[in-house]
Amino acid sequence: PTADDAGEPEAGAEAGDAMRAPATPVAAKDSPGGPGAAAAPLGLSFCAALDQPLRGMPIREGNLWLLAAEEEVALVHFSLYVNGFTFSRKGQEHCFSLAPFTLVRNCKFQASTSAGVDLCQFKCFKVSLFTHGVHFYFGVKAPGLGEREAEDWRSRWVVDISRAIRLVTQSLFPPFRVVCQPVEGVEATRTRLMAGYLVHHDDDATVASVIYCELHPQVDEYGRLRLYEDHTCKVRLADITITEHTACCEKVGISCSCFSVDDRLFSTRTLAERKLWLRAISNVKVKVLNHAPSPTLDELSSYRIAIQEQVRAIKGMLPSQATMEALLDRHSPSHTAAPPPRFAPPAALAEGGAEDEPAARPPQRLFGDAEVVGSA
């Protein structure tokens, strides 16, 4: 019942992957694994497998149409939990836990199945567990349900699912605030523009790590996004080099807080926080693109003030600083996740489907004089 379209391009993605700058590994003395070891995030690591137990009772239940393989459009009973969802198909129950790298968005299809089912009659939405290559298409349609009512019904499902994804994501973060001032006594943080925790998608799709990230301005024709184990900035994990070719993109979804910098995938606590990171990173990229000199101390101070103003502006949109129970299990190397299911999409969807999503927008200028160019 999923469409395996992991290779589907996201709106706003930049072409020319071969030109993307790879993440720069830290020196061997800073790498936890020693010389030659991969800079794998440490500290708060969580299991992001799809087969984790669902918690509590369903927060919403109802019937939806599943647009499945083999030209099938089946009515299923869908149950949404605080950390996942279930539905039954052909006598088998399918359970999936949510993770930070999940999105939901509206979609529409201009096609009919071989059985003559007009898919335009359904108000559809897509649930994408994209790091696993698992994607579901559901539709809303009921006898006597008008166009407006069906649209409202779909919107309620999409909003509730996006809230569950956001709650799972926020539950992984420790209490913190985005800061701009360096850490006293840690020289490597001297030129930081902003810093805060982000969820990082590890190379293993079943692991998500909460790491501390720090943005630095352009120096010697490139900027840096530095990754640390935690806010003390004592253990450096990796540096991501920001060049004029760096791809900085948002994932398109309802209230989605995911974004990528080259081949690194991150998630913030909220959509507003994602916009803040994207705008700051993109402005560093623009400075590099225009061959701007390294900032003076006065310029660095001005940049920090501009970012701090944005942090204050989004303060009311941030979650409570109270500690939450994580809705994902802590990562254990001994955990073996079941392989995600692989299903083909209906032929009608593959042939005539058209995603109904907004185009990615370039972030607004956050600091400095250079205009932002290119896509987000």
Side-chain angles (χ1 to χ4, degrees), residues 6 10 20-26 30-33 37-50 52 97-103 129-132 165-166 168-176 178-179 188-189 192 194-216 223-242 246-251 253 256-271 273-278 280-281 319 326-333 335 337:
E10 288 294 332
R20 296 182 178 181
T24 304
V26 300
D30 292 323
S31 181
L42 300 175
L44 290 174
S45 291
F46 296 92
C47 177
L50 304 181
Q52 296 182 61
S97 53
L98 296 171
F101 303 104
T102 306
L103 62 82
L129 300 102
F130 54 89
T131 55
H132 295 274
I165 297 169
R166 187 163 65 249
V168 169
T169 302
Q170 292 175 354
S171 75
L172 307 183
F173 285 90
F176 80 98
V178 175
V179 297
T189 68
R192 78 159 46 155
M194 62 180 290
Y197 282 101
L198 296 173
V199 179
H200 177 269
H201 173 249
D202 295 2
D203 292 336
D204 181 350
T206 62
V207 181
S209 297
V210 180
I211 58 177
Y212 201 71
C213 298
E214 177 181 74
L215 180 63
H216 289 261
R224 285 194 183 278
L225 182 63
R226 185 158 288 167
L227 314 183
Y228 295 99
E229 182 179 352
D230 57 35
H231 66 279
T232 64
C233 302
K234 294 179 179 178
V235 179
R236 182 155 38 118
L237 304 175
D239 282 353
I240 300 176
T241 302
I242 301 173
T246 296
C248 182
C249 306
E250 62 184 20
K251 298 293 285 187
C256 179
S257 59
C258 301
F259 70 96
S260 62
V261 180
D262 283 332
D263 57 353
R264 299 271 188 165
L265 187 59
F266 300 95
S267 183
T268 61
R269 293 177 294 183
T270 65
L271 180 60
E273 213 168 59
R274 180 185 75 169
K275 290 180 179 179
L276 178 65
W277 277 100
L278 281 174
I281 295 171
L327 293 176
L328 294 181
D329 296 334
R330 291 296 294 267
H331 171 62
S332 171
H335 176 80

Applying side-chain hydrogen bond (donor to acceptor under 3.5 Å, both in side chains), name anything that partners Ser267, two or more places apart in sequence or on another chain.
Ser257
Applying salt bridge (Lys or Arg N to Asp or Glu O under 4.0 Å), name anything that partners Arg274, two or more places apart in sequence or on another chain.
Glu250
side-chain hydrogen bond (donor to acceptor under 3.5 Å, both in side chains) partners of Arg226, counting only residues at least two apart:
Asp239
dist Phe130:CZ -> Lys251:NZ (nearest 0.5 Å) comes out at 4.5 Å
Quick one: side-chain hydrogen bond (donor to acceptor under 3.5 Å, both in side chains) partners of Tyr212, sequence neighbours excluded?
none
Assess the residue pair Ser171 and Leu328 against the criterion (side chain to side chain contact (heavy atoms under 4.5 Å, CB included)); give the C-alpha distance rounded to whole Å, side-chain angles, the decisive distance to 0.1 Å, and a yes or no.
CA-CA 8 Å; Ser171 75; Leu328 294 181; 5.9 Å; no
Quick one: pull up NE2 in His216 and CD1 in Ile242 and give me the separation to the nearest 0.5 Å.
10.0 Å
Flag the pair Val261 / Thr246 as yes when at least one side-chain heavy-atom distance between them is below 4.5 Å, and no otherwise.
yes
The side-chain hydrogen bond (donor to acceptor under 3.5 Å, both in side chains) partners of Thr268 (sequence neighbours excluded) come to none
Going by heavy atoms in the side chains, are Val179 and His231 under 4.5 Å from each other?
no
Test of ring centre spacing under 6.0 Å for His200 and Phe266
yes
Salt bridge (Lys or Arg N to Asp or Glu O under 4.0 Å) partners for Asp230, two or more places apart:
none
